[in-house]
Amino acid sequence: MPRSKALPDELDPHARQLVTRLRRLKDRDELTLRHLAAKTGYSAKSWERYLGGTSLPPREAVEALARITGTDPAPLLALREIAADSWDSRRTRAAEETRLREQDAVGEAGEPEEADAAEETRGGEPEPPGRPTAPRPVTPARFPHLVLTTVLAVLVVALGTALLLVLRHDDAAPAHVAPTPASATASPPPAYTCHLTRVDGRWAAGINHGRDTEIGYGATGADVAEAQCLLRRAGISPGGIDGMFGPLTLRAVKTFQTRAGLVADGMVGPRSWQALRGGRLPPFR
């Protein structure tokens, strides 16, 4: 696996902790950005930003990565919510500072223009002696506006700091952090558990009721989960037991077929099922 790039120095500590955990899950299961894109529905470019610390991953992306790696998503989602609050606070402060700089630049550029306009009104000639000088129009002072803007910026920064302190206090006490409930509209992925048994010399995981249905890359469901359990029993990791025939499962099937002396086409057909369920594995060739 290629070595990950260093995270930005200005990255918030909670966001840094979240990205570090996501990177570890990705590296543990030897997933590439293209694998993540194929299994989660988020593009490889999006995952490059999420894992590079330049963009905060959405809740759905965190849940998808936890699902395909067989990890409990609750701690990751709780950490993501804390990182999101800090992330939004920093963006608010940056936007306010940018707006103040733009206002100051416009004010400095506007003063010479007003002086030029007054000079054009007088025609650039001195007032004749003895004539009363008309009072010049007074330009409204900008200081009250700048003071008000500065006060508002200070209040925003103070509120953001107070919120960050409260969140850090809550994070220091794990007993008060409740798992974030899953969305009511999103249907949870099916959970598969391997219950390996051997009957009449044939192994079964108790998921697809002993069917020998032919499956291949892109297939989903109980037949894929049954094959993943049997591959794991044979000592070959297919990744998680998620019922998704992805790149890791395809590689595991080809490895097993080569070991069993079968054609390594990546398709689990009757002969591959027989070898997976046949108890003792054939010797390496």
Side-chain angles (χ1 to χ4, degrees), residues 21-22 24-32 34-42 47 59-77 179-257 259-260 262 264-281:
R21 291 188 182 182
L22 297 180
R24 288 175 182 171
L25 293 176
K26 167 184 170 293
D27 295 339
R28 185 196 69 187
D29 286 1
E30 299 181 357
L31 297 170
T32 64
R34 301 182 68 179
H35 292 162
L36 292 176
K39 286 197 169 189
T40 65
Y42 290 84
W47 277 112
R59 285 174 47 86
E60 292 77 6
V62 175
E63 289 176 339
L65 180 55
R67 174 175 54 79
I68 65 176
T69 56
T71 305
D72 182 12
L76 295 174
L77 292 176
T180 304
S183 175
T185 58
S187 58
Y192 298 104
T193 304
C194 301
H195 297 287
L196 291 170
T197 57
R198 190 175 185 184
V199 180
D200 297 332
R202 286 172 57 86
W203 286 98
I207 298 178
N208 76 338
H209 306 291
R211 292 193 301 268
D212 291 344
T213 306
E214 183 173 342
I215 54 176
Y217 186 81
T220 59
D223 294 325
V224 178
E226 178 88 5
Q228 289 172 333
C229 289
L230 295 175
L231 286 167
R232 181 170 289 182
R233 186 206 68 82
I236 305 173
S237 174
I241 309 300
D242 55 4
M244 300 175 62
F245 202 128
L248 296 179
T249 301
L250 177 63
R251 184 177 63 182
V253 168
K254 290 184 176 181
T255 300
F256 176 81
Q257 289 173 331
R259 179 189 299 184
L262 302 174
D265 56 1
M267 297 291 296
V268 182
R271 298 190 65 188
S272 294
W273 279 113
Q274 182 178 1
L276 285 170
R277 299 185 185 278
R280 169 176 282 183
L281 298 175

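Predicted model, so just to flag it, every value in this text is computed and none were measured.
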Given the rule in the side chain to side chain contact (heavy atoms under 4.5 Å, CB included) test, do His35 and Lys39 qualify, once you have shown the distances and angles that lead to the verdict?
CA-CA 6 Å; His35 292 162; Lys39 286 197 169 189; 5.7 Å; no
Checking the side chain of [X] only, and the main-chain atoms of [Y] only, is there a donor and an acceptor separated by less than 3.5 Å?
X      : Y      : value
Arg232 : Gly239 : yes
Gln257 : Gly266 : yes
Arg202 : Gly278 : no

Considering non-hydrogen atoms only, spot the tightest contact between [X] and [Y] and give its length.
X      : Y      : value
Trp273 : Thr213 : NE1-O, 2.8 Å
Ala252 : Ser237 : CB-O, 3.7 Å
Ile207 : Cys229 : CD1-SG, 3.8 Å

Atom pair [atom1]/[atom2] of [X] and [Y] - distance to nearest 0.5 Å:
X      : Y      : atom1 : atom2 : answer
Leu196 : Glu226 : CG    : CD    : 8.5 Å
Thr249 : Met244 : OG1   : CE    : 9.0 Å
Leu248 : Glu30  : CG    : CD    : 7.5 Å
Leu31  : Thr40  : CG    : OG1   : 10.0 Å
Thr69  : Asp242 : OG1   : CG    : 9.5 Å
Leu230 : Ser272 : CG    : OG    : 11.5 Å

If you draw a 6.0 Å radius around CZ in Arg211, do more than 12 non-hydrogen atoms from other residues or ligands fall strictly inside?
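Enclosed.
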Around atom CZ of Arg28, are there more than 12 heavy atoms of other residues, nucleotides or ligands at under 6.0 Å?
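Counting other residues, nucleotides and ligands, CZ of Arg28 exceeds 12 neighbours.
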Exercise: do Asp212 and Gln274 side chains pair donor with acceptor under 3.5 Å:
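Their side chains do not contain a donor-acceptor pair, so the 3.5 Å distance test is not met.
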Check whether any side-chain heavy atom of [X] lies under 4.5 Å from a side-chain heavy atom of [Y], and answer yes or no.
X      : Y      : value
Ile241 : Cys194 : yes
Trp47  : Leu65  : yes
Val268 : Asp223 : no
Arg21  : Pro75  : yes
Leu276 : Leu231 : yes

